[in-house]
Amino acid sequence: MSRYNARATEKKWQSVWTENRSFATTEDRSKPKYYVLEMFPYPSGRIHMGHVRNYTMGDVVARFRRAQGYNVLHPMGWDAFGMPAENAAFENKTHPATWTYQNIDNMRRQLQELGFALDWEREFATCDPTYYAHEQAMFIDFLEAGLVYRKEASVNWDPVDMTVLANEQVIDGRGWRSGALVERRKLSQWFLKITDYAEDLLTALGDLDRWPQKVRLMQENWIGRSEGLRLFFDLQNAPAGYDKLEIYTTRPDTIFGASFCAIAADHPLAQSLAANDPTLQAFIEECRVTGTSEEALEKAEKKGYRLTVDAVHPFDPSWKVPVFVANFVLMDYGTGAIFGCPAHDQRDLDFARKYDLSVIPVVVPDGEDAATFQVGNTAFVEPGKLANSRFLDGLTVEAGKADVAARAEAGGFGERTVNFRLRDWGGSRQRYWGCPIPVIHCEACGIVPVPKADLPVKLPDDVTFDKPGNPLDHHPTWKHVNCPTCGKPARRETDTFDTFIDSSWYFARFCSPTAATPFDREAVDYWLPVDQYIGGVEHAILHLLYSRFFTRAMRKIDLLGIDEPFAGLFTQGMVCHETYRAESGEYLLPEQVERIGEGQWHHADTGQPVTVGRSEKMSKSKKNVVDPTNIIDTYGADTARWFVLSDSPPERDFEWTAQGVEGAWRFSQRLWRLVTGLTEHAGAINQPANQSAPETIGDDALALRRATHKAIAAVTRAIEDFHFNRAVALIHEYVNSLNDFKPTGSADSGFAVREGLEALVIMVNPMMPHLAEELWHGLGHVTLANDSPWPKAEVALLVDDSVTIAVQVQGKLRDTITVAKDMDQKDLEALALGLEKIQRTLEGRAVRKVIVVPNRIVNIVV
RNA sequence: GCCCGGGUGGCGGAAUUGGUAGACGCGCCGGACUCAAAAUCCGGUGGUAGCGAUAUCGUGUCGGUUCGAGUCCGACCCCGGGCACCA
């Protein structure tokens, strides 16, 4: 029998789809709409297996929903601004635009080879001025709507290269190219007011019932709502204007355990005192050496500097606590100042032990004696009863919080506050390859937005990357413009947008990608929200939160009428592969090694032994990558698609193995042989005899029909639930039943086979669309599998007459019996007790109880 | 450091609401076909003991709840993702 030739066949059907414009979005409003979107790729140069996995899942959903009768939108585009293009420009002397558009061409071709049902007519790249012009217009509207403002913020500064570094470019506190110690530096930047929506972004998570619970939890914690108290401490010995210190606490109940106050290095009080205190100045400088990432700040050794200032306890004028500048207090959170209660906060405790401050337990665990309870090196953070706290003694933590807050408010030295961990979104980047921020700085008029008629502010092409820093700053003419308001010479903003801004509204642009405005209102009203969004879990917080905010911001300027961009979200796991190392220690590509036995590998050319490392995320540095193009050339796109859907549950990491691809390839061949082999028994199509089940049907044909309809029901459910690996297993099982079926040549047999084959081909279609088209064609159809409706399961064929029931003694399986479904419980019990194996196990012991779970289990308790 | 997730045979994994642990695939073993190989087809395959019927252990570790726990509860160990300028 001939083999299925994937390469030729895939090309053929791809041409047919293109000619038919099979995936162009229809504007058929009579059908329910379904918008499926995968996170668009950064055009790094080549598609990697992570993309293949992501876009295959999206493609399954798109084709499945289309078959179910939905009007499907499934677009693709490019998240095309970003650092790698500038790095390439620096390293290879190619212009970022040239590099990016070449990469896009390559990657588009790779995606098309995979046969994805994408509407390429809607493609765009975020670096196209036709895209970012609208982003600039929206920014100006946001500015007018009060959604953006300027503020000083810290950046990583490389003092040798004289440039701002991304956190990723800071390695062990040093610049990645210069090796110089990085310092934090303040810069005036644009901020988007995401905190205006903190409460809303938090509460709306509750309605996102088609989002993974873990993503909602991560966002909830990221937003970090806390109810606390702003509390004022009088200061002694403080400089003029600093007679009060405002702190924020979520534990006002522990106020009598206070043993110090601490302020951030950036706090105005610290800055003021540093003017006359060189040691303090040096300490603040030292705090600045830490990077800006939260991880770097948190992991840094907790250090403090004792100020000459004291704070007066708000409930006792005679009680004074020392005030420190501490590197673990963040200016961005709360008020940039805290009071420390070492007994009930681990960080405060570590700090107190280091600087020899008192540790007064004021919360005592239930059942402990307040007089003797002590805290060692672990802070007590559980609930308990308040003690050593004067008027609070005996209260619970909660009651204590309320009491302190009430007294502070009544006394005018405190105020209840809701605080968020979420900070405003810094949107400025000191880089070339991003969307220019459309404002002009004028000495006379201040900040002037570029008039909308002058948009887009395009990036200049003639830039150089020979010196570090922002090429827009170095450009001889670009930034020199006249003020649109007063006409005098002014300076164009040379910062560009954070690329997260580009990706915060692209899903809306896809609804009407050529609109003269960001998007047509009618189009977004119809298509949004995205019904199913799919992407990596690494985007669980930032990208998804920014997009949720941006949608609200766009609503505020009346561009659309919804709050939530993504009704359904699925986050997929990474693609991993074993790592291989030669004796020299260098990493080897999977194609450079050869398996010579169980766990034994050697170098394919030299025969040198190779050590195999554990499976890790595919990465260029570890060389554990497999190029999708090689796989498509060897096995075809369908094999690659089928394999990435098999085995691993989509939300978990996927392990790429050579044997796995082989297995997938063998299955495609097996399917080909099965269907082509059975086709002659299946009878011709479009004959009245084949349109409904024959009135009399033999046992074998009936059994096959049951298997068919069970498979339809189970596969449909599995795809709906994103259990693609289960769908694959179910199709395997069903193929096994079809394989075992012996056609008799009678009408009922022929009907069952044809019904089964057609259902099988359509069920396989979302996953292996080229093979499905070929098989569909082979079955005699002139229409496309792609245009065929999803099969429907007949409910009557889904239930069995008999069930197998487990019989347990003391919860341990001892036997099984097959009985009629829904058998009477008493009869079942008697039957189970009468089983020989059960009698042997019981050894005459008296039965105390029998638990019967209908159609499932009988458990005998002795 | 903080937040989130995961851990089941040799491997990837399956297992409605707590109800037959190991579906399906890979690998391996045996057989058929073949001059031979590849491909394909058939059978077997969690560990231990046993010729076998069978017994017993077994879902990261320890403990608990229950007639019954991979699933629920508590403590711990290991691996992965995110931490605001990577995308």
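Atom set for the values below is all heavy atoms of this structure, side chains included, hydrogens, waters and symmetry mates excluded.
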Base, sugar-phosphate alone, or nothing: which one does [X] contact when heavy atoms must sit under 4.0 Å apart?
X	value
A:Glu662	nothing
A:Arg431	base
A:Ser646	nothing
A:Gly82	sugar-phosphate
A:Arg614	sugar-phosphate
A:Val215	nothing
A:Gln189	base
A:Val807	nothing
A:Ser428	base
A:His539	base
A:Pro649	sugar-phosphate
A:Lys617	nothing
A:Ile731	nothing
A:Phe654	nothing

In whole angstrom, give the distance that lies between atom [atom1] of [X] and atom [atom2] of [N].
X	N	atom1	atom2	result
A:Leu645	B:A14	CG	P	14 Å
A:Ile860	B:U20	CD1	P	16 Å
A:Lys299	B:C3	NZ	P	14 Å
A:Trp642	B:C24	CH2	C1'	11 Å
A:Asp350	B:C2	CG	P	11 Å
A:Asn87	B:A87	CG	P	10 Å
A:Phe191	B:A84	CZ	C1'	10 Å
A:His723	B:U16	NE2	C1'	12 Å

Report yes if at least one side-chain N or O of [X] is closer than 4.0 Å to OP1 or OP2 of [N]; otherwise report no.
X	N	result
A:Asn221	B:C4	yes
A:Asn736	B:C24	no
A:Arg717	B:U16	no
A:Lys812	B:A69	no
A:Thr499	B:A87	yes

So, [X] and [Y], do they make that salt bridge, N to O below 4.0 Å?
X	Y	result
A:Glu86	A:Arg429	no
A:Arg717	A:Asp721	yes
A:Glu616	A:Lys622	yes
A:Glu38	A:Arg53	no
A:Arg353	A:Asp348	no
A:Glu538	A:Lys617	no
A:Asp424	A:Lys193	no

Q.
Please give the stem ranges for RNA chain B, sorted by first residue number, where a stem is three or more consecutive Watson-Crick or G-U pairs and both donor-acceptor distances are under 3.5 Å.
A. B:1-7 with B:77-83, B:10-12 with B:24-26, B:27-32 with B:40-45, B:46-49 with B:54-57, B:60-64 with B:72-76
Counting side-chain heavy atoms from C-beta on, which of [options] comes nearest to [X]?
X	options	value
A:Arg423	B:U20, B:C86, B:A84	B:A84
A:Gln808	B:G81, B:G19, B:C86	B:G19
A:Lys214	B:C85, B:U20, B:C4	B:C4
A:Arg429	B:A87, B:C85, B:G13	B:C85
A:Met83	B:G19, B:C86, B:G13	B:C86
A:Phe500	B:G19, B:C83, B:A87	B:A87
A:Val861	B:G6, B:C67, B:G5	B:C67
A:Val853	B:G19, B:C85, B:A14	B:G19
A:Met218	B:G80, B:C4, B:U20	B:C4
A:Leu542	B:C85, B:C83, B:A23	B:C83

Q. Where does B:G9 fall, syn or anti, if syn means a chi angle no more than 90° from 0?
A.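 Classified syn.
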Q. Roughly how far apart, to the nearest Å, are B:A75 and B:C28 at atom C1'?
A. 40 Å
(Q) Using atom P in both nucleotides, what's the gap between B:A23 and B:U8 to the nearest angstrom? (A) 16 Å
Q) With the sugar-phosphate defined as primed atoms, P, OP1 and OP2, and the base as all remaining atoms, what B/S/- string results for nucleotides 37-54 of chain B, 5' to 3', for protein heavy atoms under 4.0 Å? A) ---SS------------S
Check whether [Y] forms a cation-pi arrangement with [X] (NZ or CZ under 6.0 Å from the six-membered ring centre, at most 45° off the ring normal).
X	Y	answer
A:Lys302	A:Phe351	no
A:Arg177	A:Phe90	yes
A:Arg216	A:Trp211	no
A:Arg421	A:Trp222	yes

Tell me if the side-chain of [X] makes a donor-acceptor pair with the base of [N], cut-off 3.5 Å, by modelled atom types.
X	N	result
A:Glu294	B:C2	no
A:Asn859	B:C67	yes
A:Arg726	B:C24	no
A:Gln659	B:C26	no
A:Glu538	B:C83	no

(Q) Closest-nucleotide mapping onto RNA chain B: is A:Thr657 or A:Val537 further toward the 5' terminus? I mean the 5' end. (A)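 Of the two residues, A:Thr657 wins.
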Q. Quick check, are the ring centers of A:Phe81 and A:Phe497 under 6.0 angstrom apart?
A. no
Q | Any A:Glu655 side-chain heavy atom under 4.5 Å of A:His577 side chain | A |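 No, their side chains stay 4.5 Å or more apart.
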Q | Within-4.5 Å side-chain heavy-atom neighbours: A:Val155 and A:Arg184 | A | no
